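One structure is given here, and the rest of the page talks about it.
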Amino acid sequence: MEVHLGHVAMSVHVANASPSRTMTAKRFATIADREAGLRKLEHLAEQNIESCIRLLYHNRAHDIKFFRLSSRLIPLVGHELTEGWDYMKPLADAFAKLGTVIKDDNVRADFHPDHFVVLNSPRRPVFETSLAVLRHHIRMLEAMGIPPRHRCVLHVGGAYNNKEKAIQRFIDNWGEVPEEIRSCLMLENDDKIFTAEDTLQLSESLKIPMVLDIHHHRCNHQGEEDDILHLLPRIVERWSSSPLPMKMHISSPRGPEDKRSHADYINPDDLFPFLHKLARYTPRVDVMVEAKKKDDAVLRLAQWVKEEGETNGVRFINGGSFEIHPK
DNA sequence: ACAGGTCAAGTCGTA
DNA sequence: TACGACTTGACCTGT
């Protein structure tokens, strides 16, 4: 099985390259000249996009082929204060350039819109705002020339004291999600409410690819933790009709007392034994590393593969890529 | 330069 | 019903 590691939005190695520079709504509201305020936001967005490009150049040098774009590239987009703002016109060139770098390097790039996007909310305005946020994501992907299919990963949402009803509401609401948005989504199991099993069932019935987060699964599962192994063929199958390879998330717990928080680095024991099992079912997986030390955690894992891989049945290919065989 | 408080958005648990 | 926690980087204000 070929494995490509990726990291989340930022770098601890590239200085001054935040892709999430922003302005608070409060601050924006104090700017008397609204147009001047919008120009300022556009400037921040351009800097954010330029930061992404610098991060990708760094990744190019390290053969890292998987990258999560920040969902905060455009500050205050979708906020009522910026209603009617035609942000794409001034940003089109910057996005096109970013897209070119992504495509030239054959990088898998995607988004994880943050937790304010909730498709199963019983509150209508929340649902509608969520759709609007997703539309902005699609617009960014299109501006980069990246096909939006399966580029945005979401959680199922809230439980609202009744998981069954909450899942049913997701299904009901799904009927109102435009096809354009449906096709850009993936579903991920979370660490408190919807387990891998819940998420798998939902993604099967609605034909959505599922992103397995191993760390969330370890925090939140029914039955035995290892039961997940029986679900792997079905999770792999979720990707059979996708243009993209299967995707997973990995992180290590910060400590025994706060298992849910992410540690600085990935403990190889949290990842490789699992991959040895997964390799029975798929020839390829992309693994998003969610660690505090971002790209450094990927580099450290790569270093581990170089040094310890041989004796652990892992063959280093280059940068964040390696090959692993079933055990 | 730096520390400490604040920030658009949703949901959950506690009071 | 109201409020802090959650989680988290970046901004803002005061020193």
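Predicted model only: the values in this text are computed from it and were never measured. The chains referred to below are lettered A, B, ... by the order of the sequence lines, with proteins before strands, and numbering in each begins at 1.
For B:dG10, the base is not stacked against the aromatic ring of A:Phe116, per a cut-off of 5.5 Å between centres and 30° between planes.
Looking at the side chain of A:Ser20, the nearest of the listed nucleotides B:dA8, C:dA10, B:dA9 is C:dA10. Side-chain proximity of A:Thr24 to B:dA9, B:dA8, B:dT11: nearest is B:dA8. Here the nucleotide nearest the side chain of A:His79, chosen from B:dA9, B:dG10, B:dA8, is B:dA8. Listed candidates were C:dA10, B:dA8, B:dG10. Nearest to the side chain of A:Met10 is C:dA10.
In this structure, A:Tyr160 does not reach the B:dC12 phosphate: none of its side-chain N or O atoms is under 4.0 Å from OP1 or OP2. Look at A:Arg123 and you'll find a side-chain N or O under 4.0 angstrom from OP1 or OP2 of B:dT11. Side-chain N/O atoms of A:Thr22 include none lying less than 4.0 angstrom from OP1 or OP2 on C:dC11. OP1 or OP2 of C:dC11 has not a single side-chain nitrogen or oxygen of A:Arg27 nearer than 4.0 Å. Considering only side-chain N and O atoms, A:Arg260 lies nowhere under 4.0 angstrom from the phosphate OP1 or OP2 of C:dC6.
As a whole-Å value, the separation of A:His112 NE2 from C:dT7 C1' is 13 Å. Rounded to an integer number of Å, the gap from CG of A:Asn173 to P of B:dG10 is 15 Å. The nearest whole Å value for the distance from the NE2 atom in A:His136 to the P atom in B:dA8 is 17 Å. When the P atom of C:dG9 is taken as reference, atom CG of A:Leu73 falls 16 Å away, rounded to whole Å. Summarising the geometry, the separation between NZ on A:Lys192 and P on B:dT11 is reported as 13 Å, rounded to the nearest angstrom. Remark: C1' of C:dT8 and NZ of A:Lys294 are 9 Å apart, rounded to the nearest angstrom. Taking atom CG on A:Asn161 and atom P on B:dT14, their separation rounds to 12 Å, with Å as the unit. For the pair A:His115 NE2 and C:dA5 P, the interatomic distance rounds to 15 Å; values are reported in whole Å.
When the P atom is used for both C:dC3 and B:dT6, the distance is 15 Å, rounded to whole Å. Across the P atoms, C:dT13 and B:dA8 are found 12 Å apart, a figure rounded to whole Å. Look at the P atom in both B:dG5 and C:dG4: the space between them is 15 Å, to the nearest Å. Between the P atoms of B:dG10 and C:dA10, the separation comes to 22 Å (whole Å).
Taking the six-membered ring where the residue is Trp, A:His150 and A:Trp239 present perpendicular rings, their angle passing 60° and hence far from 30°. Ring pair A:Phe170/A:Trp174 is parallel by interplanar angle, where below 30° counts as parallel and above 60° as perpendicular. Aromatic ring pairs are classed by plane angle as parallel below 30°, tilted from 30° to 60° and perpendicular above 60°; the pair A:Phe322 and A:Phe272 is tilted.
Within the nucleic acid shown, A:Leu76 comes within 4.0 Å of at least one base atom, counting heavy atoms only. Across all strands shown, A:Val8 has no heavy atoms under 4.0 Å from either base or sugar-phosphate atoms. At a threshold of 4.0 angstrom between heavy atoms, the contacts of A:Thr129 with the nucleic acid are absent.
Partner of A:His155 under the ring pair (Phe, Tyr, Trp, His ring centres under 6.0 Å) criterion, chosen from A:His249, A:His115, A:His216: A:His216.
In this structure C:dC6 sits in a base pair with B:dG10, meeting the Watson-Crick or G-U test at under 3.5 Å.
A:Tyr281 contributes atom OH, which lies 12.5 Å from atom CZ of A:Arg234 (distance to the nearest 0.5 angstrom).
No hydrogens or angles considered: nothing links the side chains of A:Ser51 and A:Asn48 as a donor-acceptor pair under 3.5 Å.
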